[in-house]
Every structure is written in structure tokens, then in C-alpha cells.
Number of protein chains: 2
Amino acid sequence: MRTVDPEQHARKRALILQAAAREFAVHGVDGTSTASVCRRAGIGSGTLFHYFPTKRALFHALFSDDLPRNAAARERALAAARPGDGLDLLVDHLLTDLADPLVPGLLAAALFQANRDEEFAVMVATDEALTRDALTTLLERAAADGCRPAFPPERLAGWILRLSDACYLAAGEEGFDPVAQTAELRRIVAGLVGRPAG
Amino acid sequence: MRTVDPEQHARKRALILQAAAREFAVHGVDGTSTASVCRRAGIGSGTLFHYFPTKRALFHALFSDDLPRNAAARERALAAARPGDGLDLLVDHLLTDLADPLVPGLLAAALFQANRDEEFAVMVATDEALTRDALTTLLERAAADGCRPAFPPERLAGWILRLSDACYLAAGEEGFDPVAQTAELRRIVAGLVGRPAG
DNA sequence: GCATTATTAGAGCACGCACTCTAGAGTGCG
DNA sequence: CGCACTCTAGAGTGCGTGCTCTAATAATGC
């Protein structure tokens, strides 16, 4: 019986995904042809469709691969000793890829795809809901710790997510500084959470 | 000499644009076919291309038609008696279409298009820069009036723009309340501006 | 070596696309 | 009325698409 080398398979898969990410970021889902992905990855179309059943699945994989990482970040944040530390951890995680030049394009493509691809929308919405829940829990703990939040925890959690989206929207502009942006977001969040000590 | 009735022309043009807006909002630029726009507008393809030279031009018109309105809003805001009133005016204008169900899709399509369509990007960026300038001016006046903004006026202006974009992105979620959202954004902005009287 | 199976390239396919062309209907003017 | 022109529909065009199929090759276990 012929046994598969899973490492080799994973490596090729990753290579294809990398090529696909570049294409999708620049041209979007409908705008990239499978042929262009193949060209960039240096493979034939047969190979591409051996690894991914459809172009859509290729795009989905680009994001579903990140889900475990997000789950881990949520767990770490919820396990933090103080709710404020957990919030910082989670906010930092939300901005992890801020410096990646592909991300603005990919985010735009993803936002758009979520409006018209049910399966993709559910995947993204589920992950976002989990993160929102984690944020809400942390904010409730913070409130119990003496913070004076500007809004109810759940609303505030929504605003934090929106603020992080806003950061990625700004990431395409020239002269964008991810570090400064992250620092400003933390200050804004701190203000909204109403931490007693600056 | 045969003279054209400009009203009739404008009416038909508007009808086509309305149909196009619906299609673009749901399927994006690459995802909508000119045939589907024609079907929805109840016209033949000959008619469509009589009014607009290309599909791209059709999409561009959807946004360029709004530019005069934006300019008017900026002027009104800058002419306000107190800078705080001007800010409120401009923020409200930014969220004008928050209740329009088509807007989240159109915004996503526009954000994406800005990443790959130079001409469109310039058009949008120019308008945004003007609005940012107006916000900056208003924030400088507010600071001279005794406000303690959290950031320099120009940075703050950027955050306000990004937040308003983010609001539109959130507008697709179920249970979304445009009025509450607007009120909350105004409170957040007020907090960032640091108005002496709440 | 042999059987089995994973992997690969790329020609080929059916289809949908943006846009053009043509021919005629509608419309204001002299 | 007839001219000059706009407006309109829809068939037609050439091209690019996502994806399938075939057939060859490489890798493995016996």
C-alpha cells in the first residue's frame, strides 16, 4: 500500500495558498482566474484542482486556516489573570496582521465575499461572534473590577471589533504606521472601557 | 436641429443606475453581468451601452453622482457657527445612508474596487481627502475653543472617517439599529474630541 | 521487479462574458 | 410632411472562464 507523505502535501498546499492569497488580494475572487493562480504557483490546473475542489474552496481555505489561531487567542485572553490584560491580548491579536501588505486587499475581498457567499459568511460570522462573546465576557469582568465603560459590554465589544476593522481599512493608505495605529487603538479602547488607572 | 430632452435622458439614466446599484451591491463589479443589469432595468444591451460606455463607467457614475452632495455637506459644516455643530453635521452626513440596505454591499464593492481600479481610487481618495481636511479644520477650531482632543486633529479626522466606514460594514448584521449606531458614534467622537461640556 | 496509488501537466470543453452592429422606431424642427 | 438625429432592442462576436479528462510520471510496499 502506498502511503502519503503528509508534510509534502501540506507544503504544496501552502505554496498554492500563498500564490492564491496574492492573486485574490489584488484581483478579488471573481477577478482572479484559476489560471493566474496556477501561473504564479508554477503548477498546472490539474494540480490546483487536485488540492482544492473549486476556486471558492481555495478562497475559503485562506481564512479557515486562521480559525484555530483565533480560538487559541480567545482562550489565552480569557485565561488572563486580570480582565484588562486579557483585553490587551485580544486587541493585539485582532491587529496581528496589520503590517502585512496583502491584508487590506484580502480584507476587502473577504468583506465583499461575505455579502454574497452564504457559506463563507457563516464561517466568518461564527468566528466573529465567538470573539465578540469573549470580549463581552472580559468587559463584564472589567466592569466588575471597577471600570466605568461608556456602553454596555456587548455594544462595546461590537465597537472594538469595528475599530479593529477600521484599522485594517486604513492600512492601505500611504504613510500608514501599524505600530502607531495599534497604540492609538489601545488608547481609544482604554478610554471606552474607562479604566480607573490610565 | 433636433434638440434632446435632457429630462427624459436623465430619468432613464437614473433608472439604469438604480438597477445597476442593486446588482453591484449584491454581486460586485466583476460578479454582475451587464445582461443582468439590462434584465433588471428592462432594457436591451444596446440601450445600456448607449448611456454608459463600459461597465466600469456605470459603476463609477454610481459614486461620482454623490460628490456634489458631499461637497455641499462640507461647506455647510464649515459654515456652522460653532465647530462642534459643524462636526455633528459632518458626522451625520457621513452616516446619511446607514439605513439603506444596499449600502453595505456597495461600500464593500467600492472598497474593493479602490484596490484595483486606479481611476476609481483617485476619485474616491480625492473626495475623502477633502472631507478629512474639513474635519481637520473643524477639529482645530474645536481645540482653539477649549477642547482637549485625544490625538492631533489630522489623526483624529482619520479615525472619524474610518469609524464611519466601519459602521457601514456593520450595517449588514441582523438587528442593526442605524439610529442607535449614529448616536453611539456621536458619543465616541465627542469623547475623542474632548468637549468640555459633555 | 511489480502492483498500486498519488501526483502532475496541459489540452479541451461548454459556457458566459462585455461589448458591437444593425436595423428600425420615435421625436423635435423647418 | 420629411429630414436629421436620438433612442432602442436584441442577435451576434470573439474571447476568457472554471473545471474535467487523459495519460504520463513518481513514489511507495511487497
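Per chain, numbering begins at 1; letters A, B, ... match sequence-line order. What you see is a predicted model, and the numbers here were worked out from it, not measured in a lab.
Legend: residues meeting ring pair (Phe, Tyr, Trp, His ring centres under 6.0 Å) with Tyr51(A), ordered by chain and number and at least two apart, are His9(A). With sequence neighbours left out, the ring pair (Phe, Tyr, Trp, His ring centres under 6.0 Å) criterion links His27(B) to no other residue.
Side chain of Thr137(B) to main chain of Asp133(B): a donor-acceptor pair is present (N/O by atom type, distance under 3.5 Å, no hydrogens or angles). With hydrogens and angles ignored, the 3.5 Å screen pairs a side-chain donor or acceptor of Lys55(A) with a backbone N or O of Val29(A). For the pair Arg116(A) (side chain) and Gly31(B) (backbone), a donor-acceptor distance under 3.5 Å is absent.
Going from atom CD of Glu7(B) over to atom C1' of dG28(C) covers 16 Å, rounded to whole Å. The interatomic distance linking Leu58(B) (CG) with dC19(C) (P) rounds to 10 Å, in whole Å. Whole-Å rounding puts the Gln8(A) CD to dA27(D) C1' distance at 9 Å. Taking atom CZ of residue Arg56(B) and atom C1' of nucleotide dC17(C), one finds them 17 Å apart after rounding to whole Å. What separates CG of Leu48(B) from C1' of dC7(D) is a distance of 13 Å, to the nearest Å. Rounded to a whole Å, the CD1 atom of Ile16(B) is 11 Å from the C1' atom of dT8(D).
With respect to Arg13(B) and Asp65(B), a salt bridge is recorded, a charged nitrogen being found less than 4.0 Å from a carboxylate O. A salt bridge between Arg82(A) and Asp145(A) is absent, with no side-chain N of the basic residue lying under 4.0 Å from a carboxylate O of the acidic one.
Comparing dT8(D), dT20(C), dC19(D) by their closest approach to the side chain of Phe49(A) singles out dC19(D). Taking only side-chain atoms of His50(B), from C-beta outward, the nucleotide of dC19(C), dT8(C), dC7(D) with the closest atom is dC7(D). Comparing dA9(D), dA9(C), dT7(C) by their nearest atom to the side chain of His9(A) picks out dT7(C).
Contact annotation: Tyr51(A) does not reach the phosphate of dA6(C) (side-chain N/O to OP1 or OP2, under 4.0 Å). The side chain of Lys12(B) contributes an N or O atom lying less than 4.0 Å from OP1 or OP2 of dT8(D).
Judged as a side-chain hydrogen bond (donor to acceptor under 3.5 Å, both in side chains), the pairs with a partner in residues 158-168 of chain A (not counting sequence neighbours) are, in order, Trp159(A)-Glu184(B).
Atom CZ of residue Phe24(A) and atom OG1 of residue Thr32(A) lie 4.0 Å apart, to the nearest 0.5 angstrom. Separation of atoms CD (Gln18(B)) and CG (Leu102(B)) is listed at 8.5 Å; rounding is to 0.5 Å.
Taking 4.5 Å as the limit, every side-chain heavy atom of Arg132(B) sits out of range of all side-chain heavy atoms of Asp127(B).
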Dot-bracket assigned to DNA chain C with the 3.5 Å Watson-Crick/G-U criterion, [ ] for crossing and | for other-strand pairs, is ||||||||||||||||||||||||||||||

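Shown for residues 24-43 of chain B: residues whose heavy atoms fall under 4.0 angstrom of DNA chain D, namely Gly42(B), Ile43(B).
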Short N/O separations, protein against nucleotides 11-15 of chain C, under 3.5 angstrom:
unit_1, atom_1, unit_2, atom_2, d
dA11(C), N6, Ser45(A), OG, 3.2

